[in-house]
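Given the structure is predicted, the values throughout are model-derived calculations rather than measurements. Sequence lines set the chain letters: A, B, ... in the order given, protein chains first and strands last, and positions in each chain run from 1.
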2 protein chains.
Amino acid sequence: MATIRDVAKKANVSVATVSRVLNNKGYVSEEAQKNVMAAIESLSYTPNSVARTLYNKSSGMIGLVLPDITNPFFPELARAVEDVAHTYGYTVVLCNSDEEVAKEKKYFDALKQKYIDGIILTTSSLTSKDYDRLDLPMVALDRRIGDHIPTVVSENKQGACEATEHLLAKGCRYLAHLRGPEGVKTADERYKGFMEVVEQHGVEHVVLNAEFQIDKAEAVAQELFTTYSQVDGVFAGSDVTAAGVMKAAHTLNKRIPADIKLIGFDGIPLGKMLVPALSTVEQSIYKMGALSARLLIKQIEKQPMASMYYELPVKLIARETT
Amino acid sequence: MATIRDVAKKANVSVATVSRVLNNKGYVSEEAQKNVMAAIESLSYTPNSVARTLYNKSSGMIGLVLPDITNPFFPELARAVEDVAHTYGYTVVLCNSDEEVAKEKKYFDALKQKYIDGIILTTSSLTSKDYDRLDLPMVALDRRIGDHIPTVVSENKQGACEATEHLLAKGCRYLAHLRGPEGVKTADERYKGFMEVVEQHGVEHVVLNAEFQIDKAEAVAQELFTTYSQVDGVFAGSDVTAAGVMKAAHTLNKRIPADIKLIGFDGIPLGKMLVPALSTVEQSIYKMGALSARLLIKQIEKQPMASMYYELPVKLIARETT
DNA sequence: CTGAAAGCGCTTACAG
DNA sequence: CTGAAAGCGCTTACAG
């Protein structure tokens, strides 16, 4: 591959002026400019980005740290991040942390070493201080890490309220909520929304923990339907959880929506594929990812951010399970 | 961050000997070694990988180019690639090409610029020559690009034969195949397997193109069930296709498996979540990804490869739809 | 407007 | 066994 030296030689100028035209910085005579352009063209030269990175301490790469790309919530998020990054000329490094502290730290070290420009976090295994120590532009996506880190989440509580109201509107009188893991902010918010509505309406209810996992959800739902046979409406903490509920209902010969109404949360593609199609509270997953990427790039490029905290609206989608 | 200079100063040696202990290369006296180690420790020094990359022309990064991470076949593949890469100390750059020539080329330029060490391709928009010109270690995953590029695929034809035989064994007498896009090797192979079995058994059949897309599959299946009401067995070219078939059956009040038996292909998590659970031909997706990554790293590190072509076995999983 | 030089943080012949 | 020096391919003060 041609280097800046080759171009300089061919254009009969110094490497400094080649660099100047490359970066559009400093004075360059029209003639020099023309010669350099021609030389670049004829050598089909492209500047070596590693050399640039070494000097500038900026790599044009951003890290996307998530628990597991295999979880159906993340591919769309990753896609959005990558799309935005790509249009702004950034490259995305993918990191599956499995929420393990050691793995996350190892990734951070490696990324920092590579002069990564910033990181989007959908995990929060480490403490707020650990993240601060990184001293890197960051965005917290679907998580909250601290007030000083720009954050993008959905209106989880609001969505949970709407889902619960929806079940009541459909005539349910005994509600169950299969919540996500305690301590995970999104799960906690959804739980709060559910509780607020059932308490306000004084409706009977039961809450069980399904950890956002399908197998766990299926097992918990089996138990639920056996122990609380009066339950006629289920708010699942996620669409994957809801899929588990549907399997359990099927095994126990409970009909959805005839015997039990069911609504999920997330709006992942899965919901549409299920039969009957799953009612859900749809998050703007792509928008969340795209916004995070834009916020990160703004930080990197030292542009002002309008706000440090974005809560994106959710949308109730009534399909066939309610 | 501390540099090699700082370490050298602190250890009272030259940067050359620090580099020697860092790389475990060349002679270093025990004492020097000890001093350097201590200095590294006390400064918590880690070598700057960008500087290393610049000199070595090797970045420790590999590119994963796929059409769209949002397609449920790819997350597990990406996860496997990332896991293996990570254990060997490599970092993965994610690229969604949408099968667009221009995008793919742009990615390649950017990756090459960054001294990427190798690329795993699950796309094949460009010509074989374009790939050769890259002059980079490569592996073709779930695609075939050329004989000189190591390739990892599944036994697609064999799996299709088994799926078709399975439908026949379950008593089906009029089979339909909803195939994937023509020209895509995996889809073609599955089609061939289907045809081989139906012709051999002289069983009535019809083939329609569903492009591996759920909406398309649903529409095509609706048409299928209306036009060919005798069809009692469907081999869907992918699990996503099968999900579309299930939706169409539901709308038209065809019962699965009572009226129509259905089997998919891929073994993605979706299949287990459907009700009834989807019978399918399971590919070892994770293994394919892991093997590709290992093959790529072998090439990068100039180790011998046992073979240029790997066809991994598939497994028929009879669940509730047959 | 332009070039020589130093520097980004490493590695590796080359002498000694 | 060790260090001074050149070089990987850029960028940017600094003189002129």
Side-chain angles (χ1 to χ4, degrees), chain A residues 1-40 43-61 89 91 109-117, chain B residues 1-40 43-61 89 91 109-117:
Chain A
M1 287 201 288
T3 75
I4 198 171
R5 282 203 121 77
D6 303 326
V7 176
K9 203 166 293 175
K10 184 141 202 162
N12 263 89
V13 295
S14 73
V15 297
T17 97
V18 176
S19 178
R20 281 189 197 101
V21 348
L22 249 28
N23 297 291
N24 231 318
K25 208 182 236 174
Y27 301 91
V28 180
S29 71
E30 271 195 30
E31 190 174 347
Q33 167 108 7
K34 210 186 300 172
N35 290 337
V36 170
M37 299 290 242
I40 287 174
L43 294 169
S44 57
Y45 164 78
T46 44
N48 178 308
S49 59
V50 176
R52 284 183 153 177
T53 297
L54 182 60
Y55 187 92
N56 296 325
K57 299 190 190 311
S58 155
S59 63
M61 301 195 299
T91 297
D109 285 346
L111 295 177
K112 189 102 202 218
Q113 225 74 230
K114 291 191 186 301
Y115 287 139
I116 200 104
D117 287 339
Chain B
M1 287 200 288
T3 74
I4 197 172
R5 279 204 123 76
D6 303 327
V7 175
K9 202 165 293 173
K10 184 140 202 161
N12 262 90
V13 295
S14 73
V15 297
T17 96
V18 176
S19 178
R20 281 187 197 104
V21 349
L22 248 29
N23 297 292
N24 232 317
K25 209 182 236 175
Y27 300 92
V28 180
S29 70
E30 270 195 31
E31 189 174 347
Q33 167 107 6
K34 209 186 299 174
N35 289 337
V36 170
M37 299 289 242
I40 287 174
L43 295 168
S44 58
Y45 164 79
T46 44
N48 179 308
S49 59
V50 176
R52 285 183 153 178
T53 297
L54 183 58
Y55 187 91
N56 297 326
K57 299 188 188 313
S58 157
S59 63
M61 300 195 300
T91 297
D109 285 345
L111 294 177
K112 189 104 200 216
Q113 226 74 229
K114 291 191 186 300
Y115 288 139
I116 201 104
D117 288 339

(message) Nearest to the V15(A) side chain among dT11(D), dA4(D), dG3(C), which nucleotide is it?
(response) dT11(D)
(request) Take atom CZ of R52(A) and atom C1' of dC10(D), then tell me their distance rounded to the nearest Å. (result) 8 Å
(request) Could you please name the option among dC10(D), dC1(C), dA4(C) that lies closest to any side-chain atom of Y27(A)? (result) dC1(C)
(request) Using whole Å, report how far CG of L54(A) lies from C1' of dA6(C). (result) 14 Å
(request) Select from T17(B) and V50(A) the residue whose nearest nucleotide in DNA chain D is closer to the 5' end of that strand. (result) T17(B)
(message) Taking the side chain as everything from C-beta on, heavy atoms only, tell me whether I4(B) gets closer than 4.5 Å to S19(B).
(response) yes
(message) By the 4.0 Å heavy-atom rule, please label R20(B) as base, sugar-phosphate, or nothing.
(response) base
(message) Using whole Å, what does the distance between atom P of nucleotide dA5(C) and atom CZ of R5(A) come to?
(response) 12 Å
(request) Please list, by residue number, the residues of residues 28-40 of chain A whose heavy atoms come closer than 4.0 Å to an atom of DNA chain C; answer none if no residue qualifies. (result) V28(A), S29(A), A32(A)
(request) Would you please confirm or rule out a distance under 4.0 Å between OP1 or OP2 of dT12(D) and any side-chain N or O of K25(A)? (result) yes
(message) Counting only heavy atoms not in K112(B) (residues, nucleotides, ligands), do more than 12 fall under 6.0 Å from its NZ?
(response) yes
(request) Take atom CE of M1(B) and atom P of dG9(C), then tell me their distance rounded to the nearest Å. (result) 8 Å
(request) Would you mind reporting whether D117(A) and M61(A) have side-chain heavy atoms less than 4.5 Å apart? (result) no
(message) Before you tell me yes or no, could you show the steps for K9(A) and V18(A) under side chain to side chain contact (heavy atoms under 4.5 Å, CB included), namely the whole-Å CA-CA distance, both residues' side-chain angles and the distance that decides it to 0.1 Å?
(response) CA-CA 10 Å; K9(A) 203 166 293 175; V18(A) 176; over 6 Å; no
(message) Which is more 5' along DNA chain D, the nucleotide nearest G26(B) or the one nearest T3(A)? Just name the residue.
(response) G26(B)
(message) Side chain of Y55(B) only, heavy atoms from C-beta on: which candidate in dG9(C), dC10(D), dG7(D) is closest?
(response) dG7(D)
(message) Just the rounded figure in Å: distance from P of dT12(D) to CG of N24(A).
(response) 12 Å
(request) Check DNA chain D for consecutive Watson-Crick or G-U pairs with both distances under 3.5 Å and list the runs of at least three as stems. (result) C:1-3 with D:14-16, C:5-12 with D:5-12, C:14-16 with D:1-3
(request) For S19(A), report the nucleic acid contact type (base, sugar-phosphate, nothing); a contact means any heavy atom under 4.0 Å. (result) base
(request) Looking only at side-chain atoms of N56(A), point me to the closest of dC10(C), dT12(D), dC10(D). (result) dT12(D)
(request) Check every atom of dG9(C), dT11(C), dA4(C) against the side chain of N23(B) and return the nucleotide holding the closest atom. (result) dT11(C)
(request) Kindly indicate whether the side chain of T53(A), heavy atoms from C-beta on, has any atom under 4.5 Å from the side chain of S58(A). (result) no
(message) If you count heavy atoms of other groups shown closer than 6.0 angstrom to CE of M1(B), is the number above 12?
(response) yes
(request) Just call it for V13(B): base, sugar-phosphate, or nothing, with non-hydrogen atoms closer than 4.0 Å on any strand. (result) sugar-phosphate
(message) Among V21(B), L43(B), V15(B), V13(B), exactly one meets side-chain contact (heavy atoms from CB on, under 4.5 Å) together with V7(B). Which residue is that?
(response) L43(B)
(request) When you get a sec, tell me which of dC10(D), dC8(D), dT11(D) is the closest nucleotide to the side chain of K57(B)? (result) dC8(D)
(request) Round to a whole Å and report the spacing from CD1 of I4(B) to P of dA4(D). (result) 14 Å
(request) When you get a sec, tell me which of dT11(D), dT12(D), dG9(C) is the closest nucleotide to the side chain of L22(A)? (result) dT11(D)
(message) Among V36(A), N12(A), L22(A), which residue satisfies the side-chain contact (heavy atoms from CB on, under 4.5 Å) criterion with T17(A)?
(response) V36(A)
(message) If we count only N and O atoms by modelled type, under 3.5 Å, do the side chains of N56(A) and Y115(A) hold a donor and an acceptor together?
(response) no
(request) Measure the distance from NZ on K114(A) to P on dC10(C) and round it to the nearest whole Å. (result) 13 Å
(request) Look at the side chain of N48(A) and the backbone N and O of V50(A), then say whether any donor-acceptor pair between them is shorter than 3.5 Å. (result) yes
